[in-house]
Amino acid sequence: MSDAEETDIARQVGFRGGGFAPKPHRWMGPAVFAVLIGLAEAGTRSGFISPLSLPKPSDVFLTFRELYESGMLWTHLAPTLTRLLIGASLGATAGIATGVMIGLFSYFRAGMVPLIAALFPIPKIALLPLFIIWFGIDEASKYALIAFGTFTPTVVATYCAVDNVDRTLVRMGQSFGMSWKSIVRKIILPGAMPGILSGLRVSLSIAIILLVAAEMLGAEHGIGAYILEAGSLYNLERLFAGVVILSLLGVLLNAVIGAIERYMLRWRT
Amino acid sequence: MDIRLSGISHSYGDLEVLRNISLDIPSGRIVCVVGPTGCGKSTLLRLIGGLEQPTGGNVLQLGVPAADCLNPLTYVFQDYALLPWRSVAGNVSLVLEDHGLARADIKNTVSDVLARTRLTDFARTLPRQLSGGMKQRVGIARALAVKPAVMLMDEPLSALDSQTRELLMDDLAALWTRQPFTAVYVTHNLDEAVRMGHSIVVLSRSPGQIREIMHLEKPLHERSYGDKDLQFRQKYLWNLMRDEARAADAELINV
């Protein structure tokens, strides 16, 4: 570049390092919902979409309001929430306990991991008759179904989380003469917490899915029962109102876990 | 308390890593162990502290540690090994909680070692907010808290940049000068070895054997950056190791 003419040309170096870094856009999620619902409303109003294939969103909303004003919403929601709460906490508690045991004891792992692998892919809905025989037609069988469905994914997430705890931290604890109990309580469990919580996200969503199945077991009230009844009558407005309630339930549970994560995992960036 | 290694040999399956190592670690001295990559220096340290069992030979403690010593053989790790969910003070108190001490005693010990490593202002900070040098000072504070008879330092400064390393070497020398401790200091850095060691053990390439032991008489606090005599010693060590280091570098890894 000794040429005088060439050194005269000064060109800005172009920026090429952008992108590939997700940024938060809070309004984008609601916007997608609004656009989709708006399209459905416009389509059904104009007659482009026949009312047989999709209910009018505003009708779904009216059905929902009716449900709320008649007080039936609570009649359906209360048993559903009870079933979800009891079933999911039974399944998650047993799942976390089993997962931690698998992570800690080789014999337990050798025995349980194949069993869990065998149980995981069974569609729990297929076992409905079995649950009725074992636990009866009332609430116990519904709790059991939801608990069983949340159990297996929680076990897998938990023992993977325990396996992924940094072994150098465990060696550190041992080298300072910490007791086995202290190592488990102060190193392994907090270290596995991020994995356990993200596993809970998945298993609680599965619990909601199984809610509808559980309420097939002769439930009089409950969101699942409400949806099933609407479905058998081809009442699409009520069907959608019920589905929306389940969706909201999912969003709510996710937010609760998010809040727990923010509190328990403050030490993470 | 002294440590005596008598005829230590170690293999991982067919791979022999250490062969017939006999060495005395006298009380109140820093013994540096240097050697080419993969010569088993870190393995030797894990054997001394009981994190691994040697295939042959014995590690002996000669004499009893002081009465207030909570953990005679205490490590300082290369990657710090701090719990990310505990604050600086929490990481130090972690290793005191299992010894049935009174709450006040723990608190006193923690504030004492944090003061000695100049971390008092950072007691409530989480590890992720600290620089590498600060993290290693927490590691050193944690080791001091259990009043070890022997400190086992596994490449304690190797993850740090060279300026931070200088600062921490000064800190360690000052700590030793104030209150001499016994240490086995494993490093691949010859500059660190001649600055920190009262004696320097040179290991050969795998399987590691003792090639030479160099003794340095100059007091730690008089050794400084760019010391002529130390540079001369360092050069001697490098000449001793150069060919082995080259051969070790060209070796295929078959573990």
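As the structure is a computational prediction, the values presented were derived from the model and not from experiment. Below, chains carry the letters A, B, ... as their sequence lines are ordered, and counting in each starts from 1.
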When you measure from the centre of the six-membered ring of Tyr263(A), is the NZ or CZ of Arg266(A) closer than 6.0 Å and no more than 45° off the axis?
yes
Under 6.0 Å from the ring centre and within 45 degrees of the ring axis: does the NZ or CZ of Lys135(B) meet both conditions for the six-membered ring of Tyr80(B)?
no
Do Thr80(A) and Glu215(A) pair up side chain to side chain, a donor and an acceptor below 3.5 Å, judged on atom types alone?
yes
Rounded to the nearest 0.5 Å, what separates atom CD1 in Ile102(A) from atom CG in Asp163(A)?
9.5 Å
Rounded distance (nearest 0.5 Å) linking atom CE of Met196(B) with atom CE of Met169(B)
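So the CE of Met196(B) and the CE of Met169(B) are separated by 8.0 Å.
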Which atoms of [X] are under 4.5 Å from chain A, going by heavy atoms: the side chain, the backbone, both sets, or neither?
{"X": "Arg86(B)", "value": "side chain"}
{"X": "Tyr75(B)", "value": "both"}
{"X": "Leu73(B)", "value": "backbone"}
{"X": "Leu70(B)", "value": "neither"}

Below 4.5 Å, heavy-atom pairs only: which of Ile187(A), Leu265(A), Thr168(A) has the largest tally toward chain B?
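Among the listed options, the one with the most contacts to chain B is Ile187(A).
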Pair Asp24(B)-Arg4(B), salt bridge (charged side-chain N to carboxylate O under 4.0 Å, His left out): steps then yes or no
CA-CA 5 Å; Asp24(B) 274 345; Arg4(B) 172 169 295 160; 2.9 Å; yes
Quick check on the interface: out of His99(B), Arg142(B), Arg46(B), Gln129(B), who has the most heavy-atom pairs with chain A under 4.5 Å?
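Among His99(B), Arg142(B), Arg46(B), Gln129(B), the one with the most close pairs to chain A is Arg142(B).
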Return the option, out of Val146(B), Val95(B), Asp79(B), with the maximum number of heavy-atom pairs under 4.5 Å with chain A.
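Most heavy-atom pairs under 4.5 Å with chain A: Val95(B).
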